[in-house]
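What follows is a single structure, written as structure tokens, with notes after it.
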Amino acid sequence: MPELPEVETVRRTLEPVIGATITSVWDSGLGLHMNRKPPRRKLRALVGAKIAALRRIGKYLIVDTTAPQSIVAHLGMSGRLRIHDARDPRAPHTHAVFGLGARELRFVDPRRFGQIDVVTRGAERVHPSLAILGPDPLTEGIDAAAVSRLARRRKSSLKAFVLDQGVIAGVGNIYASEALWRAKLRPSKRANRTTVAQISSLVASIREVLERALVHNGTSLRDFVDADGESGDNAEYLWVYGRRGEPCCRCKAKIKRSVLQGRATYYCPTCQTP
DNA sequence: ATCACGACCTGGAGGC
DNA sequence: TGCCTCCAGGTCGTGA
């Protein structure tokens, strides 16, 4: 579900909880990603603290508090973070609830691929998941020359290269296909067979694709919703993802679907150079 | 060291 | 209606 634009949409719609006091913490006790459970003791230690700020690095959301600790959340494939009235019944697969007086911030994740953790503010990058992240394309500049140097050493496909969170943080399966179409590069093209100009174009395309999706509040293919439960509109603006057999909007050739590293990949066979 | 693959989970869609 | 198979927006550990 959530790539960078979706997580950023959640972050923005969560802003009304800034300043709220955490009055209670509950967790389901079930393991999430890698069967890791939310750290109950560390979470409970946050009761009494206020939510101070909401940040995002790639697909990770960071909830800073007035305590020295911050909450780290990753939505995985099916995770949602929503603000509810505390009296609303809890949905199935609710795994963490932060009481905020009359409201609650709830983490619901049917597939349990998400993460909830606690880190010390300022030392986020010690967390193994955050330590490996490359630059965030919306909050940090991406040095195309540096990305090109990385690409030169990679024999994998460009698609796999773009999905590598250590190269650029936040690009997922939808926007990888979209950015490669935008840059007119075939997803199966070997990363080390690209020119500096091609990588520059790709980097620019990634930023454009993510910013465009953000303007439309993210892509809701099945179930993505923001913190208020609203869907995003970007699905109708996708150029290739999910459009097998439809005409390419640049050249009218039929969009193809292939599988790269086990993931659906969409591209135009005529205007994306192999 | 690098890469592709399968595993991790549940639920929805489509075929029969 | 019910059962089966396939598919899904992510990440990590494995074995080649």
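Note that these values count all heavy atoms, side chains included, but never hydrogens, waters or copies made by symmetry. Computed from a prediction, not measured in an experiment: that's the story for all the values here.
- Looking at Arg121(A), its side chain does come within 3.5 Å of a backbone N or O of Thr65(A) through a donor-acceptor pair.
- With distances taken from any side-chain atom of Arg257(A) to the nucleotides dC3(B), dG9(C), dA8(C), the minimum falls on dA8(C).
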- Message: side-chain contact (heavy atoms from CB on, under 4.5 Å) for Phe98(A) and Arg106(A)? Distances and angles first, verdict last.
- Response: CA-CA 6 Å; Phe98(A) 299 88; Arg106(A) 299 182 185 171; over 6 Å; no
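- Applying the side-chain contact (heavy atoms from CB on, under 4.5 Å) rule to Ala102(A) yields no partners; only residues at least two apart in sequence or on another chain are considered.
- A distance-only check finds no donor-acceptor pair linking the side chain of Thr94(A) to the backbone of Arg90(A) [under 3.5 Å].
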Please list, for nucleotides 4-7 of chain B, all pairs of protein and nucleotide N/O atoms separated by less than 3.5 Å.
from	atom 1	to	atom 2	distance (Å)
dA4(B)	OP2	Gln261(A)	NE2	3.1

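- Checked by atom type and distance alone, the side chain of Arg125(A) pairs as donor or acceptor with a backbone atom of Leu130(A) at under 3.5 Å.
- Between His74(A) atom NE2 and dT11(C) atom C1' there is a gap of 7 Å when expressed in whole angstrom units.
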Using atom types as modelled, flag every donor-acceptor pair under 3.5 Å from a side chain in residues 248-261 of chain A to any protein atom, sequence neighbours excluded.
from	atom 1	to	atom 2	distance (Å)
Arg250(A)	NH1	Trp181(A)	O	2.9
Arg250(A)	NH2	Trp181(A)	O	2.7
Arg257(A)	NE	Tyr266(A)	OH	3.4

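- The residue among Gln165(A) and Ala264(A) whose nearest nucleotide of DNA chain C lies closer to the 5′ end is Ala264(A).
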- Note on the structure: Each nucleotide of nucleotides 9-15 of chain B classed B (base within 4.0 Å of a protein heavy atom), S (only sugar-phosphate) or -, in 5' to 3' order, makes BBBS---
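- The nearest whole Å value for the distance from the CD atom in Glu8(A) to the C1' atom in dG9(C) is 17 Å.
- OP1 or OP2 of dG9(C) lies within a sub-4.0 Å distance of a side-chain N or O belonging to Arg263(A).
- With hydrogens and angles disregarded, a donor-acceptor distance shorter than 3.5 Å links the side chain of Arg186(A) to the backbone of Pro269(A).
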- Message: Test side-chain contact (heavy atoms from CB on, under 4.5 Å) on Ile206(A) and Ile168(A); report intermediate values, then the result.
- Response: CA-CA 9 Å; Ile206(A) 287 170; Ile168(A) 294 175; 3.8 Å; yes
All N/O pairs under 3.5 Å across the protein-nucleotides 12-16 of chain C interface:
from	atom 1	to	atom 2	distance (Å)
dC12(C)	OP1	Ser129(A)	OG	3.4

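- The nearest whole Å value for the distance from the CG atom in Leu163(A) to the P atom in dT2(B) is 18 Å.
- Side-chain atoms of Glu124(A) come within 3.5 Å of backbone N or O of Gly122(A) as a donor-acceptor pair.
- In terms of modelled atom types and a separation under 3.5 Å, the side chain of Asn234(A) and the main chain of Tyr237(A) share no donor-acceptor contact.
- Interatomic distance, Phe161(A) CZ to Leu150(A) CG, rounded to the nearest 0.5 Å: 5.0 Å.
- Going from the C1' atom of dG9(C) to that of dC3(B) covers 23 Å, rounded to whole Å.
- Salt bridge Lys59(A)/Glu3(A): absent, no basic N to carboxylate O contact under 4.0 Å.
- Atom CD1 in Ile174(A) sits about 17 Å away from atom P in dC7(C), given to the nearest Å.
- Taking atom CG of residue Asp109(A) and atom P of nucleotide dT11(C), one finds them 12 Å apart after rounding to whole Å.
- Atom NE2 of His216(A) and atom C1' of dG9(C) are 18 Å apart (whole Å).
- Regarding Leu4(A), its CG atom lies at a distance of 11 Å from the P atom of dT11(C), rounded to whole Å.
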- Item | Pair pattern of DNA chain C in dot-bracket, where unpaired bases get dots and | marks partners in another strand, Watson-Crick or G-U under 3.5 angstrom | .|||||||.|||||||
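- Ser157(A) contributes no side-chain N or O that, together with a main-chain N or O of Arg190(A), makes up a donor-acceptor pair within less than 3.5 Å.
- A salt bridge links Glu8(A) with Arg11(A); the closest basic N to acidic carboxylate O contact falls under 4.0 Å.
- Contact annotation: Tyr241(A) reaches the phosphate of dG9(C) (side-chain N/O to OP1 or OP2, under 4.0 Å).
- When the P atom of dA8(C) is taken as reference, atom OH of Tyr266(A) falls 6 Å away, rounded to whole Å.
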